[in-house]
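Every value quoted in this text rests on a predicted model; they were computed, and no experiment measured them.
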Amino acid sequence: MQKGDVGETSLNLTALESIDDLHERHDLKKIFTLIEERDYAGVEKVLAEMGHKVEITPKIGCSPIHYSKLNFVNWEDESEDSPLIKAAKVDCKMVRIIIMYGGNPNHANKDGDTPLSIAAYRRDRDTIDALFLAGGDLMAAVQILTSPLRCESEKHLKEYSRNGQFSIRPLKFLLAGDVYLKCKDPIKTAFDVCKDITSIKNERMEFEIEFESIIEDADSFAYKFLSHCDNMLEAREILTSSDKLLSTAIGQSKKKFVSHPFNLQIINEQWYGKFHSTFFRGKAVLILKYVTSPIVLPLLFLKFFFYEEGCGVPFMKSSVSNLLRYISVPCVCFATDLINYIIFAVVMIAACLTPFNGEDLAGGLGGESYKVTYVEYILYFTVFARILMEADQLIQKGFMKHYNNFWNMVDATVLGLIVTAAIYKGYINVVNTSDNDTFSCENVKQKLRHEDSMNVNYIYAVAEFVLVLRLLGLLEIHQSLGTMLIALKHLIADAARFGLILVIVMLGTTVAIYSMTIALNEWNKELSTLSLTCDKVEVPDAFVDFLETFRNVFWATFGLFDVVELKITGDQPTTYLITLIMILYVLLSCILLLNMLIAILGNTFSRVIDNCDIEWKYAQSKLLKEYSRAQPLLFPFVPIAFPFMIWFRAKLKQEHTMKDTRNQAKHDKLIAAVCDRIMFGDLMSGSKTDGDTINKALDKRVSLKRQESVLAVIAEKVKERGNV
């Protein structure tokens, strides 16, 4: 780029002039007219007068100042159309000319259209490739093409329904082929597209099949891209960079991608930490460090404060930090959590099996039965520690992300029940130990005391049942047991959907039967009131009220109902009608619905077992994500060390962020290398290669500096085949 007398470039000089003066020299409509007339020479002449060509970095473009409105080529008309948007409506050659002078490929007009979305509507593949080379944003184009389906208001929905302007064809054309390879970060872009399309698919079902095809193509590309890594070092750099692709894949349920061998190796390394690269002796040493850490850690703290700090050793490089890193790996956090849950369950069971003081219940109103037992004190302390750990997870992940996990919701339920029981027991303790003479009768007071005690026991019993079920979630780490639990969760989901249908049928049957029996009961009451001599109708105990009727209808589903109960003495027509209704219900529920449930459950179980390897590996990855942020603290030490562990983890996060920033350049270089392998893989293995194919492939190159070396390799390959 040429410079003036004082060193300014032409773009700098343009920025120094007023926009009005520049409009007088070159009317924007003039260049728009030249673009529409396909006057390539005229357009390039005008742009050359206003500035100079810029250097385009593939997939990135040029510097932001060239893409600003200070550059003539990015000026807008009243519709906010830029010259590049106009060029995208013409052809690829015009687009390349505008890009050479700094045209912004991501500029959007008033309608929200960008050059990429316009090229997609026109089905112009060459223009799309040119825009990607200049740094075109695929996600922005996808969001624009799908904007008619994003009805955020009633007005927007009515406008879409009236115009019907959405078409799936431009979107499919844009995302066809090797489109993700043309993006700066292919896997991340594929994941972003999947997430965006999935959110639309969940809202709008009209194009479900097409959207699922797009999502499947993006997932297949991500798996294929990872397979083109030469070794584990490359895969690790790509997957664990600042974008954290592996964590994103786990969060978006990319089961096939997560089950890739490279990902599984990284998961094992992160799960076991230092344990992963040691034999039995090394594992024994690390386990010993963990077991002795409650004793050793205070001594190491003293060592740091009195010796290492004086020697200028930073805390994150001290012996304390090293030990904390050892015991903070996910597998150790999981083992700690397992021990905590076992302790929690044992204390909970002990609290349930510890009765209230029977002597006081029998002997009077001493109030001792309301006192908190020693077991309950331990239980409350355990709950307090667990609440602190739950609060830590909420701070890190947020409410929605944390409780999106089913087992975390179970944890919250258990804690809520025990806290409710503690509050209730405290309340009745205050009320019943005070001088309250509301009830003078001794028996009434004893009865109330018994009811209050039983209410606390009821809450404890439910909490204990849910807590024991929670322990099942920890068994997912085991391959065979984990696969069975995964299948069980799918079966429960299917059974729940089936249960809704069954309950509706049961309610209909119950209402039909009870509507007849209630009329008979009213008739009996009327006979008694009028003292008539007519015989009363005897309604069976099975249909005496609505709940009893519903209960017996439910047991009839499984054949646990006595047919004699259907007989109503004194009313033969009602007996026949109730019998007919029950026969129809049994046919519908036992023969049709239950057999359908068996077929559904069998199909679900077969599907899960067929994919059991992928399902279990994905479940293991979710455990890694869950316990990568956990604390390796047993319940007795949580209240003491809790604030310090939060501070330590914040320092670790800061350390990882700095490391990720330093490795960004290496990450981009590896992405470019893998893109090269995919782009030229088919070309190198093909039976015929001509000059046009080579040139087209070179247009898709990630780095222009490597074109010569790649071209030499291809030329050598061509000569070997004798196709020159």
Just verifying a value: how many Å separate Phe399 CZ and Asn408 CG, rounded to the nearest 0.5 Å?
11.0 Å

Side chains of Tyr618 and Ser259: donor-acceptor distance under 3.5 Å anywhere?
no

Close side-chain approach of Glu234 and Asn231, heavy atoms under 4.5 Å
yes

Does a donor on one side chain and an acceptor on the other come within less than 3.5 Å for Asn74 and Asn104?
no

Under 3.5 Å donor-acceptor, Lys59 side chain and Leu181 backbone:
yes

Leu226 versus Leu245: any side-chain heavy-atom pair under 4.5 Å?
no

Given side-chain hydrogen bond (donor to acceptor under 3.5 Å, both in side chains), test Asn109 with Glu76 step by step and report yes or no.
CA-CA 8 Å; Asn109 59 16; Glu76 307 168 356; over 6 Å; no

Check: Asp113 main-chain N/O paired with Ser117 side-chain donor or acceptor under 3.5 Å:
no

Between Lys255 and Glu615, does the salt bridge (charged side-chain N to carboxylate O under 4.0 Å, His left out) criterion hold? Intermediate values first, please.
CA-CA 7 Å; Lys255 298 181 181 179; Glu615 292 284 349; 3.2 Å; yes

Verify the neighbour count for atom CD of Glu80: are there more than 12 heavy atoms of other residues, nucleotides or ligands below 6.0 Å?
yes

Is any side-chain heavy atom of Leu84 closer than 4.5 Å to a side-chain heavy atom of Leu131?
yes

Could you verify whether a donor N or O on one side chain and an acceptor N or O on the other, from His107 and Thr114, lie under 3.5 Å apart?
no

Counting C-beta onward and ignoring hydrogens, is there a side-chain heavy-atom pair between Gln620 and Asn268 closer than 4.5 Å?
yes

Check Val674 against Cys229 and note the closest heavy-atom contact, atom names and distance.
CG2-SG, 4.2 Å

Tell me the closest heavy-atom pair linking Asn106 and Gly135, and the distance in Å.
ND2-O, 3.1 Å

More than 12 foreign heavy atoms under 6.0 Å from NZ of Lys625: is that the case here?
yes

Distance col, row Gln393:CD vs Asn405:CG, nearest 0.5 angstrom, shows 10.0 Å

Within the side chain of His228, is there an N or O that forms a donor-acceptor pair under 3.5 Å with the backbone of Lys224?
yes

Audit row: Asp494, Arg497, salt bridge (charged side-chain N to carboxylate O under 4.0 Å, His left out) steps and yes/no
CA-CA 5 Å; Asp494 288 339; Arg497 288 190 289 268; 2.2 Å; yes

To the closest 0.5 Å, what do you measure between CG (Leu175) and CG (Leu145)?
8.0 Å

Between Pro330 and Leu624 the two heavy atoms that sit nearest each other are CG-CD1, 3.6 Å

If you count every heavy atom of other residues, nucleotides or ligands that lies below 6.0 Å from Arg169 atom CZ, does the total exceed 12?
no

Here's one to test your reading of the geometry: is the NZ or CZ of Lys201 within 45 degrees of the ring axis of Phe211 and under 6.0 Å from its centre?
no

Please find the pair of heavy atoms, one from Pro105 and one from Pro115, that lie closest to each other, and give the distance.
O-CD, 3.4 Å

side-chain contact (heavy atoms from CB on, under 4.5 Å) test vs Pro186 passes for just one of Ile238, Ile678, Ile671, namely Ile671

Phe173: what forms a side-chain contact (heavy atoms from CB on, under 4.5 Å) with it, not counting sequence neighbours?
Arg123, Arg125, Ile128

Val193 and Tyr180, any side-chain heavy atoms less than 4.5 Å apart:
yes

Under 4.0 Å between a Lys/Arg side-chain N and an Asp/Glu carboxylate O for Glu626 and Lys397?
yes

With heavy-atom distances below 4.5 Å as the criterion, would you say the side chains of Cys183 and Phe132 are in contact?
yes

Any side-chain heavy-atom pair of Leu394 and Tyr403 under 4.5 Å
yes

Go through the steps to decide whether Lys86 and Asp77 satisfy the test side-chain contact (heavy atoms from CB on, under 4.5 Å), and finish with yes or no.
CA-CA 11 Å; Lys86 292 290 186 182; Asp77 62 4; 4.2 Å; yes

Under the ring-ring contact (aromatic ring centres under 6.0 Å, His included) rule, collect the residues that match up with Phe257, sequence neighbours excluded.
Phe191

What is the distance from atom OG of Ser621 to atom CD1 of Ile266, rounded to the nearest 0.5 Å?
12.0 Å

Atom CZ in Arg122, atom SG in Cys92: separation rounded to 0.5 Å?
9.5 Å

Could you walk me through whether Phe262 and Ser227 pass side-chain contact (heavy atoms from CB on, under 4.5 Å), step by step?
CA-CA 8 Å; Phe262 285 150; Ser227 298; over 6 Å; no

Please evaluate residues Ile267 and Val258 with respect to the criterion side-chain contact (heavy atoms from CB on, under 4.5 Å), reporting the C-alpha separation (whole Å), side-chain torsions for both, the decisive distance (0.1 Å), and the verdict.
CA-CA 9 Å; Ile267 288 172; Val258 171; 3.9 Å; yes

Distance-minimising heavy-atom pair for Leu116 and Ala141
CB-CB, 3.8 Å

Glu269 vs Arg236, salt bridge (charged side-chain N to carboxylate O under 4.0 Å, His left out): CA-CA, chis, key distance, verdict
CA-CA 11 Å; Glu269 291 174 358; Arg236 184 183 292 107; 2.7 Å; yes

Approximate separation, where rounding is to 0.5 Å, of Leu133 CG and Lys182 NZ:
10.5 Å

Report all side-chain donor-acceptor pairs from residues 34-44 shorter than 3.5 Å, counting only partners two or more places apart or in another chain.
from, atom 1, to, atom 2, distance (Å)
Arg38, NH1, Asp91, OD2, 3.0
Asp39, OD1, Gly42, N, 2.9
Tyr40, OH, Asp91, OD2, 2.4

Can you find a heavy atom in the side chain of Thr198 that is under 4.5 Å from one in the side chain of Lys195?
no

What pair of heavy atoms forms the shortest contact from Gly482 to Trp616, and how long is it?
CA-CD1, 4.1 Å

I'd like to know whether Thr248 forms a side-chain contact (heavy atoms from CB on, under 4.5 Å) with Lys188, so could you lay out the CA-CA distance, the side-chain angles of the two residues, the decisive distance to 0.1 Å, and finally the verdict.
CA-CA 9 Å; Thr248 302; Lys188 183 178 183 300; over 6 Å; no

